[in-house]
Amino acid sequence: MHSVEAVLEAFADRQYVADRSLGVSVYLALELGRPLFLEGEAGVGKTEVAKVLAAVLGSELIRLQCYEGLDVNHALYEWDYARQMLAIRIIEARGEGSHAQVADIMSRDYLIPRPLLQAVEAAAEGNRPVLLIDELDRADEEFEAYLLELLSDFQVTIPEIGTIAAKEPPVVVITSNRTREIHDALKRRCIYHWVDYPDFDREVEIITTKIPDMDERLARQIAAAMQTLRSLELFKPPGVAETLDWAKALRVLGSRTLDAASVEDTLGVVLKYREDVERVLELGPDRVAGGE
Ligand SMILES: Nc1ncnc2c1ncn2[C@@H]1O[C@H](COP(=O)(O)OP(=O)(O)OP(=O)(O)O)[C@@H](O)[C@H]1O
Ligand SMILES: [Mg+2]
């Protein structure tokens, strides 16, 4: 993709409605060979950027889902102990436990590559993958420190085997829901982009793009209601995922228009906290329905 416009078009072809600033960030990340760091609230389309980017580039998507307690072993590689034990038993049974055979057990064949090693190996073979490091804010800071090191040289040293180095770094997309701040040192390496909730027009476009037979008027009503809901200082404001779920739910129920009754019936599709549902019911569902 040789321009920002080309990025935006390629994304639109795959039903991702990006605003220009996201297009610029994606383009720069690709051109400068830097990781793309996407931060934003839940359900605004961060993970989808990596999926779409892999599809656009025709690359393999390798995903590392972060969680509390994720350690380097789970992210990089693990030895296949079960197979190693089996191999040792066979060697013992044959009664020929030579050094050469023991060394075989510590070879690549007995390694289970996890996402980071998979990405480095693919890149070392010249197949440049898209590496998605999803929800990095959930991982611990030690893991982040390791990642910083990896991102600087894209090589992995396995003591028993040697060093594997990527010829060209993988395309890296990092996402965070900002439940905590990611260190400056890591962010400095990346192209940073805050993924915001879409504005009214873009949200209408997202609905009509993703759900082709969607009535334009209903799409506009839903988008307007979403803007209202997000202005209410809810505990958990709904993202684009909820917008699309809502549109699909209304279609299943055969609702042609968004009125107080249909809002009340379907609030559970959009809001996932009792306090938020109560807040809207107190305010009056007609206030949400009457946004447009
Ligand atoms: N700009 C967009 N164009 C088209 N679809 C979108 C857009 N933004 C979000 N979506 C859709 O919304 C849904 C949620 O997106 P996604 O899972 O990427 O959100 P997220 O930011 O990663 O959320 P979370 O923080 O919960 O992981 C997906 O189905 C995605 O296709
Ligand atoms: Mg996500």
Side-chain angles (χ1 to χ4, degrees), residues 1 4-5 7-27 29 35-57 61-68 70 115 130-139 171-182 190-214 216 219-220 222-223 225-227 229-230 234-252 269-273 276:
M1 286 179 288
V4 174
E5 285 67 30
V7 170
L8 293 172
E9 264 173 43
F11 270 56
D13 284 348
R14 284 169 178 78
Q15 273 108 49
Y16 192 97
V17 187
D19 60 8
R20 194 182 150 79
S21 67
L22 177 60
V24 172
S25 298
V26 170
Y27 179 65
L36 177 62
F37 190 104
L38 301 175
E39 208 166 45
E41 305 292 343
V44 290
K46 302 180 297 295
T47 301
E48 187 78 1
V49 169
K51 293 183 184 168
V52 170
L53 190 57
V56 165
L57 297 173
L61 177 72
I62 298 174
R63 177 176 186 168
L64 174 67
Q65 175 64 53
C66 299
Y67 52 87
E68 208 183 314
L70 170 67
V130 172
L131 171 63
L132 165 63
I133 299 167
D134 215 8
E135 306 185 354
L136 179 59
D137 52 328
R138 293 215 217 163
V171 175
V172 180
V173 178
I174 301 172
T175 80
S176 164
N177 279 17
R178 210 184 187 188
T179 54
R180 67 171 176 87
E181 287 296 334
I182 301 300
C190 305
I191 305 288
Y192 177 85
H193 183 82
W194 174 257
V195 185
D196 217 337
Y197 294 117
D199 61 14
F200 173 77
D201 288 332
R202 196 155 66 86
E203 196 145 28
V204 173
E205 207 181 326
I206 293 171
I207 301 170
T208 52
T209 306
K210 279 271 162 104
I211 309 173
D213 53 353
M214 189 75 197
E216 166 99 20
R220 294 175 69 84
I222 293 168
M226 279 319 225
Q227 302 286 327
L229 287 173
R230 288 184 197 129
L234 297 173
F235 179 64
K236 168 78 184 59
V240 178
E242 283 74 19
T243 309
L244 293 171
D245 284 346
W246 206 10
K248 287 177 199 156
L250 289 166
R251 200 179 49 169
V252 166
V269 178
V270 189
L271 304 177
K272 308 294 161 103
Y273 284 85
D276 288 348

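Fair warning: this is a prediction, and the values are worked out from it, not measured in the lab. Note that ligands are numbered from 1 as they come in the structure, with each ligand's atoms numbered from 1 the same way.
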Which ligand 1 atoms does [X] reach within 4.0 Å, using its non-hydrogen atoms?
X: Gly43; result: 19 (O), 20 (P), 21 (O), 23 (O), 24 (P), 25 (O), 26 (O)
X: Asn177; result: 25 (O)
X: Ala241; result: 12 (O), 13 (C), 14 (C)

Considering only the protein, which heavy-atom contact is closest to [atom], and what is its distance?
atom: atom 31 (O) of ligand 1; answer: Lys210 NZ, 2.4 Å
atom: atom 3 (N) of ligand 1; answer: Val17 N, 2.9 Å
atom: atom 2 (C) of ligand 1; answer: Ile206 CD1, 3.5 Å
atom: atom 11 (C) of ligand 1; answer: Leu244 CD1, 3.7 Å
atom: atom 7 (C) of ligand 1; answer: Tyr16 CE1, 3.8 Å
atom: atom 8 (N) of ligand 1; answer: Val44 O, 3.4 Å
atom: atom 10 (N) of ligand 1; answer: Val240 CG1, 3.6 Å
atom: atom 18 (O) of ligand 1; answer: Glu48 N, 2.8 Å

Using modelled atom types and a 3.5 Å cut-off, is there a donor and acceptor pairing between side-chain atoms of [X] and backbone atoms of [Y]?
X: Arg230; Y: Pro238; value: yes
X: Arg180; Y: Ala139; value: yes
X: Arg202; Y: Val17; value: yes
X: Tyr197; Y: Glu203; value: no

Discussion item. So for atom CD, which belongs to Glu181, do other residues, nucleotides or ligands contribute more than 12 heavy atoms lying within a distance under 6.0 Å?
Written reply: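 Enclosed.
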Worksheet item: CZ of Phe235: more than 12 outside heavy atoms within 6.0 angstrom?
Response: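 Check fails, neighbour count at 12 or below.
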With a 4.0 Å cut-off on heavy atoms, is [X] in contact with ligand 1?
X: Thr175; answer: no
X: Arg202; answer: yes
X: Glu135; answer: yes

Item to complete: State whether Lys236 and Asp276 are salt-bridged, where the test is any N-O pair (Lys NZ or Arg NE/NH1/NH2 against Asp/Glu carboxylate O) under 4.0 Å.
Response: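 Looking at Lys236 and Asp276, the cut-off is not met.
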Worksheet item: Taking non-hydrogen atoms only, is Thr47 closer than 4.0 angstrom to ligand 1 via side chain, backbone, both or neither?
Response: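 It is both backbone and side chain that touch ligand 1.
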Practice prompt. Please work out whether any backbone atom (N, CA, C, O) or any side-chain heavy atom from C-beta onward of Asp134 is under 4.0 Å from ligand 1, and answer side chain, backbone, both or neither.
Written response: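 No part of Asp134 is near ligand 1 at this cut-off.
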Practice prompt. Specify the closest pair of heavy atoms between Ala54 and Leu61, including all atoms of both residues, with the distance to one decimal.
Written response: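 Looking at all heavy atoms of both residues, the closest pair is CB-CB, 3.8 Å.
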Worksheet item: Aromatic rings Tyr192 and Phe37: how do their planes relate, parallel, tilted or perpendicular, breaks at 30° and 60°?
Response: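 Ring orientation of Tyr192 relative to Phe37: parallel.
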Discussion item. Checking side chain to side chain donor-acceptor pair (under 3.5 Å) between Asn177 and each of Lys46, Glu135, Arg138, which is the one that passes?
Written reply: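 Result: among Lys46, Glu135, Arg138, Lys46 is the only option passing the side chain to side chain donor-acceptor pair (under 3.5 Å) with Asn177.
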Worksheet item: Would you say Asn177 has an N, O or S atom lying under 2.8 Å from the Mg ion (ligand 2)?
Response: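 So Asn177 does not bind the Mg ion (ligand 2) by this criterion.
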Worksheet item: Quick one: does Val270's side chain get under 4.5 Å of Asp245's, heavy atoms only?
Response: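 No, too far: nothing below the 4.5 Å cut-off.
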Practice prompt. Check whether any N or O atom of Gly45, backbone or side chain, sits under 3.5 Å from an N or O atom of ligand 1, and answer yes or no.
Written response: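 Yes.
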